[in-house]
Every structure is written in structure tokens, then in C-alpha cells.
Amino acid sequence: MRISQLFYQTLKEVPREAQVPSHQLMFRAGMIQQLAAGIYNYLPLAKKSLSKIETIIREELEKKGCQEVLLPVVQPSELWEKSGRWGYYGPELLRFKDRKNGDFCLGPTHEEVITDMVAKQLKSYKQLPWNLFQIQSKFRDEVRPRFGLMRGREFIMKDAYSFDIDEESSKVAYWKMYDAYTAIFNRCGLKFRAVDAATGNIGGDMSHEFQVLAQSGEDLILSCDSCDYAANSEKAVTPRSSSELSTEGMEAMEEIHTPAAKTIEEIAALLKREEADFIKSIVYIIDEEPVLVLIRGDLDINESKLQTALSANGVFLADDAVVQDITGASTGFAGPVGLKKKVRIIADYSVTEKQNMVSGSNKTDYHTAGVNYGRDYSADILADLSFAQPGDSCPKCSGKLEDHRGIEVGQVFYLGTKYSKPMECNYLDKDGKSHPAVMGCYGIGVGRTMAAAIEQNHDEDGMIWPAAIAPYEAVILPLQMNKEEVIEAADDLYAALKAEGVDVILDDRDERAGFKFKDADLIGYPVQIAIGARSLEAGELEVKIRKTGEKKNMAVAEVKSFVEAYLKVEKGIDQ
RNA sequence: CGGGAUAUAGCCUAGUGGCUAAGGCGCCUGCUUUGGGAGCAGGAAAUCGCAGGUUCGAGUCCUGCUAUCCCGACCA
């Protein structure tokens with residue numbers, strides 16, 4: 001490609017809307033345009049990089065025996081009603097009617113469609129296993145799209161679904177995909193961790209996220225400093241259990257007037273006590289039933305663990321009216337003792353570890369001191385409902401947990417029969433008995449992977465692409481476009497590198513040297529080859545490695561083999 | 001969905017209620033220049049987000065709407 005023909009435009013200034021480096025840089029480099037909130041045009045440079053990521057994904061999945069399909073973006077409500085998610089998915093599912101007034105949605109994910117498709121084909125255990133994938137645009141009407149391609153509403157995703165006869169073979173498929181993902185992100189040249197993850201609404205009971213490590217990452221990851229344990233902070237555990245409180249030293253309960261002190265912070269300041277002395281009492285609506293959730297005042301309730309502990313479909317904070325109804329007090333004064341209405345109580349272990357705690361009195365403007373677990377109240381369920389913290393003990397060894405920021409670019413789930421059962425995706429076993437297929441699902445955000453690569457690899461001048469997914473691997477910069485010999489040398493080198501299969505671009509614009517250098521650094525071609533009149537006279541060119549900033553003069557004849565060798569190493573291809 | 005902010009040319013910005021809405025980047029023409037986003041001269045490009053209102057007069061004040069961004073909640 002000659003840059004004079006390339007559909008792009010670089011900018012010096014950043015639009016106000018772009019806040020994170022990947023968004024700013026992709027915008028400045030003419031890779032993306034915003035069409036609406038969370039919806040983008042991908043211009044040629046972006047498309048080149050996306051295609052390279054997709055190719056790596058295809059190759060690695062096909063190695064594992066996966067087969068590519070392409071499923072519709074527009075999906076009929078019937079399938080979603082069958083899986084139970086039509087009523088349940090919420091406004092993130094963009095719904096609309098066709099001309100015949102039929103209900104449809106834009107696919108936010110494809111479990112329903114694929115399970116239905118497979119159900120139509122699946123008859124016998126002899127057909128399995130299957131693992132089908134597609135690379136497709138998805139649409140989720142996110143409440144708050146942000147950070148450019150990192151969290152768009154429309155986004156490109158690779159999703160794969162495995163179908164097996166039983167749990168054991170499904171887990172084999174799961175770990176195969178885990179390995180494929182490891183290979184994919186390694187080939188993309190990214191630093192990442194695979195971490196234990198919560199399964200959220202998709203269900204299932206085993207999941208790993210692939211997190212690209214970057215400062216700007218939205219996710220907090222905790223990993224052990226001495227073994228391979230790593231988990232999303234939602235899921236991370238540290239060894240904990242309930243404890244028996246000694247009755248010695250227990251004080252009598254005492255009601256304290258605490259007007260207008262609603263938050264733990266306010267009440268702790270008012271009573272001059274530690275936040276850890278309080279019982280945080282929050283009313284949740286869990287699968288339409290109100291539940292009182294208790295945790296020590298200095299900790300936060302981990303809703304993901306809460307959902308898991310109750311095997312719930314959904315966990316939402318109760319509104320003020322519900323709190324009033326249950327506690328008889330306005331919000332901020334809830335507690336486990338003296339509830340107006342009996343509700344289920346689920347407590348974190350932390351409230352069983354401490355004597356004489358302070359909780360709301362279920363009476364507006366009053367708190368009660370001297371509250372003790374076991375004596376004054378008890379919970380229907382005790383569980384770990386907290387977030388593990390950096391510095392906590394590792395659950396697998398004697399190490400300590402440390403924190404990292406990560407960008408989730410892929411996730412693998414073991415699903416079981418959550419979709420195959422309702423969608424009647426069944427096969428007959430050897431004895432002619434019918435069973436639902438056992439499924440797994442596996443996603444990779446393709447656009448997000450591209451954005452994450454930039455978040456992880458950039459500097460003040462621009463992007464620093466890993467060679468395997470760079471829009472172009474190398475750029476040739478003829479520095480004086482009025483000198484015949486410079487243009488000729490550039491054309492020759494361009495032809496030579498192309499002939500060797502290097503993905504090279506030629507900056508043949510009639511621009512000054514500085515302009516071309518700035519553009520090249522911004523786009524972040526892994527290799528820049530400058531051809532200047534002076535060095536050319538000496539028979540040399542200058543090769544710059546974007547990643548290190550290192551510049552080398554070398555003979556024209558050497559450049560080709562140097563570039564080839566460098567890219568091979570960078571792309572992790574054995575020579 | 002709660003809180004906050006913004007909206008002036010493709011992009012970044014300026015613009016006390018008062019004359020023809022200003023500058024930079026980018027774009028076009030010409031000259032000059034050619035190793036880190038050059039210089040000079042000229043030029044095109046704005047229904048000042050939309051709709052009302054106040055006023056002799058609104059980019060500027062008021063009301064409503066819309067869009068976008070940020071924090072939180074949410075997030076297969």
C-alpha cells in the first residue's frame with residue numbers, strides 16, 4: 001500500500017470525547033470514527049489489525065477442531081422465550097418489531113441461536129463432540145458505553161460453543177479452548193493472565209477470563225505472588241470461615257440515638273468508633289424476594305459471590321419503599337435485630353468474628369450497640385460475601401495476593417445443560433436414552449483485543465503495535481520526495497520486502513521528513529525504514545525499531561534480511 | 001437509572017446582551033523549503049445542537065428537548 005492512496009487522516013489534536021489512550025490514538029491515527037455512542041466505523045488501518053487478530057483466532061481454533069459458522073444478527077423472540085432470557089435479559093437486549101409486528105432482537109450473544117441450530121441436527125451421541133464458532137458483530141445496548149472500543153454497544157466478537165455428551169468430555173473441550181486462548185493471546189504478542197472468574201448471568205459453574213494487563217484496565221485481578229493462582233477480584237477468595245464467639249465480655253444491647261447518621265462512615269464518625277465495629281445491613285431483592293445481607297462495616301458486599309451463594313438469577317438493591325416495609329425505618333437504620341418483617345438473612349463470615357458490634361435498630365435515627373452474632377441474631381446462611389484484598393493469603397498456597405489491572409479480552413465458560421435443556425438440544429445415547437448436550441461457550445472481544453493491545457503498548461508519541469497484529473509491519477519513509485534516487489531506492493525496497501511477504505507500506509506522500517516520522521510513530525509500525533539522500537550516498541538506510549526506539553544504519557542490501565529476521569522473532573515464528 | 005459536565009467550520013479552542021462570530025490544526029491555490037508535525041501570500045469552509053421564550057437586539061440570559069463525555073450503579 002502507498003500512503004498517498006490510503007484512506008486515512010492523522011490528527012494532532014484529540015477530540016474531547018476520547019478519554020483513554022486507545023481511543024485517542026486510534027482516532028488520531030484515522031483508524032476509527034464514532035457514529036453514535038458506542039458505535040464505530042472501522043477504517044482501513046483498524047480493519048487490517050482486526051483481520052490479523054481474526055486470522056490468528058481462526059488458525060488456533062481450527063487447530064483444535066473448531067468449525068466456523070456465521071449466525072444472524074437479528075434473532076426472533078421465540079428462541080429467547082424458550083431459553084427464558086427474553087423476560088429476563090433487560091434493556092441491554094435491543095428489541096424491535098418487524099413489519100408483521102413480530103418481536104425480534106439484535107443478538108447480544110448467540111447461545112440461543114446456536115443451541116437451536118445444533119438441536120435441529122443433533123440426533124446421536126455418535127455425532128459429538130462439536131465445537132462451532134463465528135466472528136460476528138454483536139449489539140448490547142449498554143447503559144453506559146465508554147472508552148472507545150473497550151466498551152462499545154456494537155462490537156466484534158468471536159464466540160464459540162462446544163457440545164459434548166457428558167460433563168467429563170465437555171471439560172476436555174473447555175481446557176482445549178483454554179489452551180487455544182493462551183496460544184491466541186501469546187501470538188498476538190500481549191502480556192496477559194488467565195484468571196478464575198465469576199459466571200454472572202450466563203450461568204454455569206466454571207469460568208476463566210483472559211485479562212490483558214494494562215494500567216487502564218477496568219478489572220481488578222488478584223494473583224498469588226508465589227503460585228499460579230489468579231482470579232478476578234469478584235471471584236478471588238482468601239481462606240475464611242465462620243467462628244464461634246466467646247460469650248465472655250459480651251455486653252448488653254443498648255439503643256443509641258443517631259439522628260441523620262445513615263452511612264457507616266457518618267455513624268462511625270459520630271460514635272467515634274472504627275468502621276469495622278459496625279454491621280453493614282443491606283436489603284437486596286434476590287429473585288424477587290427481599291433478603292437482608294450483612295457484612296462488617298469496613299467491607300463491601302460482593303454481589304457476585306452473593307448471587308453464587310444463593311444460586312440466584314439476579315441480585316438488585318431494594319428501593320427505599322421495600323426497606324421501609326421490611327425494617328420499619330428509613331434506609332440507613334436497617335439491622336438484623338428487631339426487623340419488622342421476617343426475611344431471609346445471609347451474612348458474611350466477618351460478622352461472626354467480632355463481639356459487641358453496632359447495627360441499625362430498624363428504627364429511624366437509632367442504632368444498637370452490643371450486638372452479638374449467635375446471641376442476638378443468626379443468619380439463615382453464612383458465606384463468604386466479601387472481596388479479597390491485596391495482601392490477603394492465597395487460597396492455594398502460603399503466598400500473598402497482589403493486585404493488577406486487567407482488560408478482559410476473552411472468557412471461557414463451562415455451561416452444562418443450562419441452554420440445551422430448555423432448548424431441547426438432545427441426543428440419544430447407546431441405550432437409546434435421550435440426554436441434553438453438555439455445553440461450553442467461549443468468547444473473545446476482537447475489537448477490544450485490538451484496543452487492549454494499544455492500552456498495553458503505547459507511549460507519548462503513539463501506538464507501539466506487537467508485530468503480529470500491527471496494521472502494517474513496516475513503513476518505508478523516503479525523506480526527500482524531490483530526489484529521484486531516494487524515490488527509486490524506496491520503490492525498490494518496497495517491492496523487495498513485499499516479495500518476501502513483509503506487510504509493508506510506503507509513505508510516498510510529498511511531505512517533509514518530520515511530518516512522516518511523526519505519523520509513523522503515531523501509527524506505530526514496528527519497523528520504520530528511513531531513506532535519506534545523505535545516508536543513501538553512503539549506501540545506507542536507517543532502520544528504527546518502534547518498540548525500543550533503537551536506530552541502526554545499515555547497508556541497503558542488509559535491510560531486507562534484517563527486517564525479515566526481526567519480524568519473525570517478534571511474531572514468535574521459529575526460523 | 002442517580003450525580004456531574006459539555007455542545008461555536010472536519011478537529012482543538014476564543015468569544016463583557018450590541019458592528020460582518022475570532023484564532024490554531026487540517027483542507028485548496030501559488031511561491032519557498034526538504035532528517036522530527038517548516039515559512040510566506042491568498043482562499044473555501046459555521047442554519048453557534050434543536051425548539052420555544054425574555055429583549056429594541058441572543059452564540060451569550062431563561063425553559064424544554066436532544067446528543068456526547070465523566071463518576072457511580074450495571075456489565076454473556
Side-chain angles (χ1 to χ4, degrees), chain A residues 9-20 23-24 27-28 30 33-39 80 83 85 88-93 107-112 114 138-148 150-153 155 157-161 197-204 207 209 218-219 232 234 300 303-304 307 314-317 319-320 408 410-413 415 418-419 439-445 448 461-462 477-483 486-487 509-522 528 530-536 541-542 544 549 551 553:
Chain A
Q9 162 93 72
T10 54
L11 295 174
K12 278 197 229 177
E13 281 154 329
V14 195
R16 202 197 344 259
E17 278 71 32
Q19 300 289 328
V20 293
H23 189 192
Q24 292 177 340
F27 192 90
R28 280 189 56 204
Q33 289 175 343
Q34 182 166 338
L35 194 60
I39 301 177
W80 288 77
S83 73
R85 289 206 289 186
Y88 171 66
Y89 210 96
E92 201 172 298
L93 184 64
T109 176
H110 284 72
E111 281 84 11
E112 279 76 4
I114 194 113
K138 307 249 189 270
F139 192 93
R140 292 182 196 167
D141 201 356
E142 289 274 351
V143 192
R144 193 180 153 207
R146 61 185 136 173
F147 303 147
M150 304 270 284
R151 181 169 292 280
R153 290 194 293 172
F155 54 97
M157 186 172 186
K158 186 286 301 176
D159 49 325
Y161 306 87
T199 51
N201 288 339
I202 194 157
S207 179
E209 286 168 353
E218 286 189 88
D219 289 344
N232 191 301
E234 287 183 337
D300 290 319
E303 294 183 1
S304 169
Q307 180 167 6
V315 165
F316 304 96
L317 274 178
D319 58 34
D320 291 359
E408 182 201 334
Q411 188 163 9
V412 293
F413 293 88
L415 287 177
K418 174 168 171 145
Y419 296 93
M439 294 175 59
C441 74
Y442 317 92
I444 290 179
R448 194 188 272 186
D461 292 321
L477 307 171
L479 301 181
Q480 297 90 13
M481 291 302 288
N482 56 347
K483 297 239 159 75
V486 170
I487 293 176
R509 294 172 298 177
D510 187 12
E511 294 288 352
R512 297 165 57 85
F515 187 92
K516 292 187 179 184
F517 282 129
K518 288 289 183 192
D519 250 20
D521 284 345
L522 174 62
Q528 293 174 16
I531 303 182
R534 256 175 276 154
S535 50
L536 194 60
L541 307 180
E542 182 185 279
K544 173 176 158 181
K551 293 177 187 172
N553 280 309

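Backbone-only engagement by A/E303 is indicated by non-hydrogen atom pairs under 4.0 Å involving sugar-phosphate atoms exclusively. Note on A/L522: a base of the nucleic acid sits closer than 4.0 angstrom, heavy atoms only. Among the protein residues, A/A18 comes within range of no part of the nucleic acid, since none of its heavy atoms lies under 4.0 Å from any strand. Using a 4.0 Å heavy-atom distance criterion, A/D159 is classed as making no nucleic acid contact. When heavy atoms are screened at a 4.0 angstrom cut-off, A/F147 is found touching the sugar-phosphate backbone but no base atom.
Donor-acceptor pairing under 3.5 Å, judged by distance alone, is absent between the side chain of A/K12 and the base of B/G36. Applying the 3.5 Å distance criterion, the base of B/G35 shares a donor-acceptor pair with the side chain of A/E542. Put simply, the side chain of A/R28 and the base of B/G37 share a donor and an acceptor less than 3.5 Å apart. At a cut-off of 3.5 angstrom, the base of B/C11 holds no donor-acceptor pair with the side chain of A/R16. For A/E13 against B/G24, a side-chain N or O and a base N or O form a donor-acceptor pair under 3.5 Å.
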- Determine, stepwise, if the pair A/F27 / A/E17 fulfils side chain to side chain contact (heavy atoms under 4.5 Å, CB included). CA-CA 10 Å; A/F27 192 90; A/E17 278 71 32; over 6 Å; no
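Side-chain contact between A/L536 and A/L541 is present, with heavy atoms from C-beta onward closer than 4.5 Å.
Spacing of C1' atoms, B/U29 relative to B/U63, comes out at 48 Å, to the nearest Å. Spacing of P atoms, B/C69 relative to B/U16, comes out at 28 Å, to the nearest Å. Between B/A51 and B/A67, the distance separating the two P atoms is 16 Å to the nearest Å. Here the separation of B/G59 from B/A46, taken at their C1' atoms, is 11 Å to the nearest Å. Separation of the C1' atoms belonging to B/G23 and B/C48 is 16 Å when rounded to the nearest angstrom.
The aromatic ring of A/F517 sits over the base of B/G36, with ring centres less than 5.5 Å apart and planes tilted by under 30°.
Here the C1' atom of nucleotide B/C75 and the CG atom of A/D141 are 13 Å apart, to the nearest Å.
In this structure, A/Q9 does not reach the B/G26 phosphate: none of its side-chain N or O atoms is under 4.0 Å from OP1 or OP2. Between A/Q34 and B/C69, a side-chain N or O to OP1/OP2 separation shorter than 4.0 Å is present. The side chain of A/R512 places an N or O atom within less than 4.0 Å of a non-bridging phosphate oxygen (OP1 or OP2) of B/A38.
Side chain of A/R448 to backbone of A/M150: a donor-acceptor contact under 3.5 angstrom is found. Judged purely by atom type and a 3.5 angstrom limit, A/K516 has no side-chain atom pairing as donor or acceptor with the backbone of A/D510.
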